[in-house]
J.: 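Please see the structure below; I have some questions.
Indexing begins at 1, ligand by ligand and atom by atom, following the structure's order. Keep in mind that the numbers below use all heavy atoms, side chains included, and drop hydrogens, waters and symmetry copies.
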Amino acid sequence: MLPRTYLSAVTLAWRAAPFLIGAYLLVSVVEAALPVATVWLVRVIVNGLVSRAPLPTLLTPATLLAAAGLLSAFTPQITRLLRADSQRAVEYFTVERLYQRVGNLVGLARFEDPRFLDRLGLAKGIGGDSCGDAVYGSLGVARGVLTITGLLSSLFLLSPVLTAAVLLSGLPAFAGEYLISRQRANTFWKTSSAQRRELFYSGLLASVDAAKEIRILGIGAYLRAKMLDERRLADAARRRVDRRETLVQTTLGTLAAVVAAAAIIWSVARAAGGRLSVGDVSMLIGAIAAFQGAVGSVALQFGLTNQSLLLFQHYLSILNEPRDLPEPARPRPVPPLRDAIEFRDVWFRYSEQQRWILRGVNLRIPRGTAVGLVGLNGEGKSTLVKLLCRFYDPSRGAILWDGIDLRHFSAENLRARIGAVFQDCVRYELTVGENIGLGDLDRAADRTRVEAAAVRAGAHDFVMALPQRYDTLLSRTFPGDDETGQNSGVDLSGGMWQRIALARVFLRGRRDLMILDEAASGLDAVAEHEINAKIRSQREGVTSVIVSHRLGTVRDADLIVYIADGVVAEKGTHGDLVRLGGRYAEAFTVQAAGYQPASYQAASCQEADYQEGLAEARPPDAKPLDAGPTNAKPTNAEPFNARPTNAEPLDAEPLDARPTNAEPLDAEPLDARPTNAEPLDAGPTNARPTDGGPTDGGPTDAGPLDAPAPLVGGHGRQRVRHP
Ligand SMILES: Nc1ncnc2c1ncn2[C@@H]1O[C@H](COP(=O)(O)OP(=O)(O)OP(=O)(O)O)[C@@H](O)[C@H]1O
């Protein structure tokens with residue numbers, strides 16, 4: 001495993017900086033040879049001096065020794081420079097490769113996998129550097145081994161036994177460093193989660209976005225404590241390794257000192273007995289000291305190299321991460337949508353351990369239609385959108401684009417046919433122009449188009465009021481490019497950011513499929529109406545999917561789909577669904593009631609009390625007091641189920657918002673309606689008897705229920721009849 005990892009590291013480093021690494025190798029060999037040469041030259045000179053050799057004989061080794069000293073003075077500086085330069089080149093290359101790989105993960109699943117994120121965190125932090133560290137570490141080891149070999153050969157000439165003893169004394173250093181390096185790499189991996197959590201807390205504590213909430217809730221100290229807990233956890237693990245390392249190093253140091261002392265005593269004894277020359281003794285002492293120094297540093301390098309390789313494996317595992325979405329070997333071109341997109345028995349869950357989110361969705365989205373996706377929180381609307389963009393593939397079933405399974409397309413090509421705005425649109429801390437330009441990089445430099453997109457999104461006016469207009473930096477965390485600080489960034493409101501996101505999608509131009517996932521949620525009511533009209537014009541002839549909790553946003557959709565329990569629970573036009581009197585109708589009523597004045601809402605509550613009171617007072621077999629015709633819904637039904645099935649549709653705006661003589665409400669949005677408009681298709685509110693038809697199944701002539709009129713009637717009535 002490790003040899004393969006090593007080979008990958010070397011290949012990668014060589015591809016990143018071949019010349020710098022070549023030069024480093026050359027200088028390193030010279031540097032490695034210098035200590036050996038020095039020891040030999042010293043021996044020659046000392047022996048020459050002792051034997052009173054003539055000066056010319058000593059001049060050559062003396063000159064060489066001086067040259068070696070000179071070289072030793074500057075080779076380390078050269079190797080350091082070459083190493084720093086090439087290491088930077090290798091890091092640049094590895095970072096580029098890493099983010100290329102991350103960018104090639106076309107789905108979202110990996111980004112929601114904590115193990116992957118831990119690994120990515122390591123790969124980003126030290127995994128990339130570890131490539132250079134492993135390569136240079138190994139070169140350092142090789143150089144050290146050369147030096148050690150030279151020193152040992154010198155010793156071998158004096159005493160093979162001593163050489164073996166010295167060599168053996170060095171081996172535990174390698175074993176110790178090897179074990180420590182494994183523990184260090186393991187600690188990096190084990191503490192990566194804690195480190196990421198610590199980063200998360202520290203990010204929150206320093207984040208401008210979180211500052212408001214943290215202060216208002218007074219949770220700064222709590223978050224700080226959590227951050228420090230994570231740090232303590234990681235520090236405890238690091239401390240354990242540090243202690244083990246100290247123990248190992250101390251033991252090895254003691255062993256080395258004992259061996260050196262024994263060798264010195266032995267050589268002095270031999271020299272005293274005339275069996276070693278003075279030069280031999282001085283060489284031996286020098287060689288042992290140099291050997292032990294070399295062994296210490298080589299063992300350390302060896303350990304670090306091993307640790308780097310172990311960490312580099314995390315980096316490699318990200319590079320070798322299998323595709324998150326299977327891409328077809330030969331992807332089919334994505335043709336312009338001609339007929340329809342179809343969900344065919346689509347089942348989906350985020351992982352096998354989790355519950356099913358979609359349980360057999362069948363849905364046809366014909367080309368050119370606008371489909372509104374509605375439903376309660378967490379029912380899977382955004383999940384459907386994610387499948388449509390191929391961020392995930394269905395667990396079962398298929399989504400077809402003109403009959404072709406999306407899995408046959410490359411995700412990138414498919415997305416080129418899609419324009420989308422999400423509720424959690426990204427706030428890029430770039431200039432306004434760049435923020436919009438990201439919608440289509442080919443058009444980003446075209447200021448006229450960028451401005452036109454901003455105009456369509458209703459953003460142009462506020463952009464023109466910004467200090468640098470389209471060149472204003474949208475950031476509170478980065479300084480502007482102006483050194484005076486005058487041109488520092490500004491921030492926008494949530495709704496303004498949403499308009500910038502809309503401008504982005506408008507710049508993208510007409511795509512086959514337009515997705516608006518709560519795209520107008522941050523907008524004020526006037527802006528929403530205005531933007532909706534613009535979106536309507538933008539989506540003419542374009543297939544669009546609109547997810548919204550504001551039912552006014554989707555009411556003019558060609559098809560409204562109510563998602564519940566993982567399936568399409570209801571579908572039809574607004575009118576159909578209101579007539580159906582199901583969950584959509586109920587949701588619409590609840591929202592409509594929200595627009596009523598307080599007196600109306602109070603009346604609604606009182607009406608409920610009143611009905612409850614009646615139900616309690618009534619004998620079980622009694623006919624409902626305000627029972628409507630036989631086709632009326634039962635009294636215990638939900639508000640809309642309680643309406644007569646032959647009642648007019650509920651496609652009205654909130655009643656009190658409309659003039660009594662208003663036009664049918666499914667015509668234009670409320671604020672566009674003239675005050676003298678014709679009556680609502682729901683029937684004029686004054687058509688309803690003021691003494692109130694029953695709310696829970698009023699008579700058929702009681703007037704249409706598409707407006708909450710019965711509750712108004714009920715209000716009057718209950719004041720008379722409520723005990
Ligand atoms: N990445 C994920 N991993 C696991 N579960 C997820 C993930 N994303 C969403 N869910 C779960 O899937 C369910 C559906 O979520 P989804 O966001 O699709 O709902 P929604 O209908 O769009 O909700 P809302 O109206 O609140 O936006 C929820 O229970 C949610 O917790």
J.: Would Ile357 count as a polar contact of ligand 1, with the cut-off being nitrogen or oxygen pairs under 3.5 Å?
T.: no

J.: Does a donor on one side chain sit under 3.5 Å from an acceptor on the other, for Ser192 and Gln195?
T.: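 Side-chain D/A pair, Ser192 to Gln195: absent.
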
J.: Please state which protein non-hydrogen atom is closest to atom 26 (O) of ligand 1 and give its distance, to 0.1 Å?
T.: Asn377 ND2, 2.8 Å

J.: Protein heavy atom under 4.0 angstrom of atom 6 (C) of ligand 1, is there one?
T.: yes

J.: Can you see whether Tyr562 has Arg583 sitting over its ring - NZ or CZ less than 6.0 Å from the centre and within 45° of the normal?
T.: no

J.: Compute whether any side-chain donor of one residue and acceptor of the other, for Arg504 and Asn435, lie under 3.5 angstrom apart.
T.: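 Result is yes, a qualifying pair exists.
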
J.: Evaluate the 4.0 Å heavy atom contact test for atom 31 (O) of ligand 1: does a protein atom fall under the cut-off?
T.: no

J.: Give the atom numbers and elements of ligand 1 that come within less than 4.0 Å of a heavy atom of His549.
T.: 24 (P), 25 (O)

J.: Minimum heavy-atom separation for Val554 to Gly372, with atom names?
T.: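 That closest heavy-atom pairing would be CG1-CA, 3.8 Å.
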
J.: Identify, by atom number and element, the atoms of ligand 1 in contact range of Lys386, meaning under 4.0 Å from any of its heavy atoms.
T.: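 Heavy-atom distances to Lys386 below 4.0 Å select 8 (N).
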
J.: Can you tell me if Ile216 has over 12 outside heavy atoms packed within less than 6.0 Å of its CD1?
T.: no

J.: Among Glu518, Gln353, Lys381, Glu112, which one has a heavy atom closest to atom 1 (N) of ligand 1?
T.: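 Comparing heavy atoms across Glu518, Gln353, Lys381, Glu112, the nearest one to atom 1 (N) of ligand 1 lies in Glu112.
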
J.: Among Leu363, Leu513, Val371, which one satisfies side chain to side chain contact (heavy atoms under 4.5 Å, CB included) with Ile341?
T.: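 Of the listed options, the one satisfying the test is Leu513.
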
J.: What is the nearest protein non-hydrogen atom to atom 29 (O) of ligand 1, stated with its residue, atom name and distance?
T.: Arg355 NH2, 2.7 Å

J.: Around atom CD of Glu213, are there more than 12 heavy atoms of other residues, nucleotides or ligands at under 6.0 Å?
T.: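 No, CD of Glu213 has 12 or fewer neighbouring heavy atoms, counting only those of other groups under 6.0 Å.
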
J.: Among Ala564, Gly566, Ser351, Ser382, which one has a heavy atom closest to atom 27 (O) of ligand 1?
T.: Ser382

J.: Can you tell me the protein heavy atom closest to atom 4 (C) of ligand 1 and the distance?
T.: Gln354 OE1, 3.0 Å

J.: Charged N to carboxylate O below 4.0 Å: is that the case for Asp339 and Arg364?
T.: yes

J.: I'd like to check whether Gly375 has a polar contact with ligand 1, where a contact means an N/O of the residue lying under 3.5 Å from an N/O of the ligand.
T.: no

J.: If you have a sec, work out which protein heavy atom is nearest atom 15 (O) of ligand 1 and how many Å separate them, to one decimal?
T.: Thr383 OG1, 3.7 Å

J.: Would you mind checking which non-hydrogen protein atom is closest to atom 14 (C) of ligand 1, with the distance to 0.1 Å?
T.: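 Scanning the protein heavy atoms, the shortest distance from atom 14 (C) of ligand 1 goes to Gly378 O, 3.4 Å.
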
J.: Rounded to the nearest 0.5 Å, what's the gap from CH2 on Trp401 to CZ on Arg338? Could you check?
T.: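 One finds 11.5 Å between CH2 of Trp401 and CZ of Arg338.
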
J.: Who gets closest to atom 3 (N) of ligand 1 by heavy atom: Tyr392, Phe348, Tyr350?
T.: Tyr350

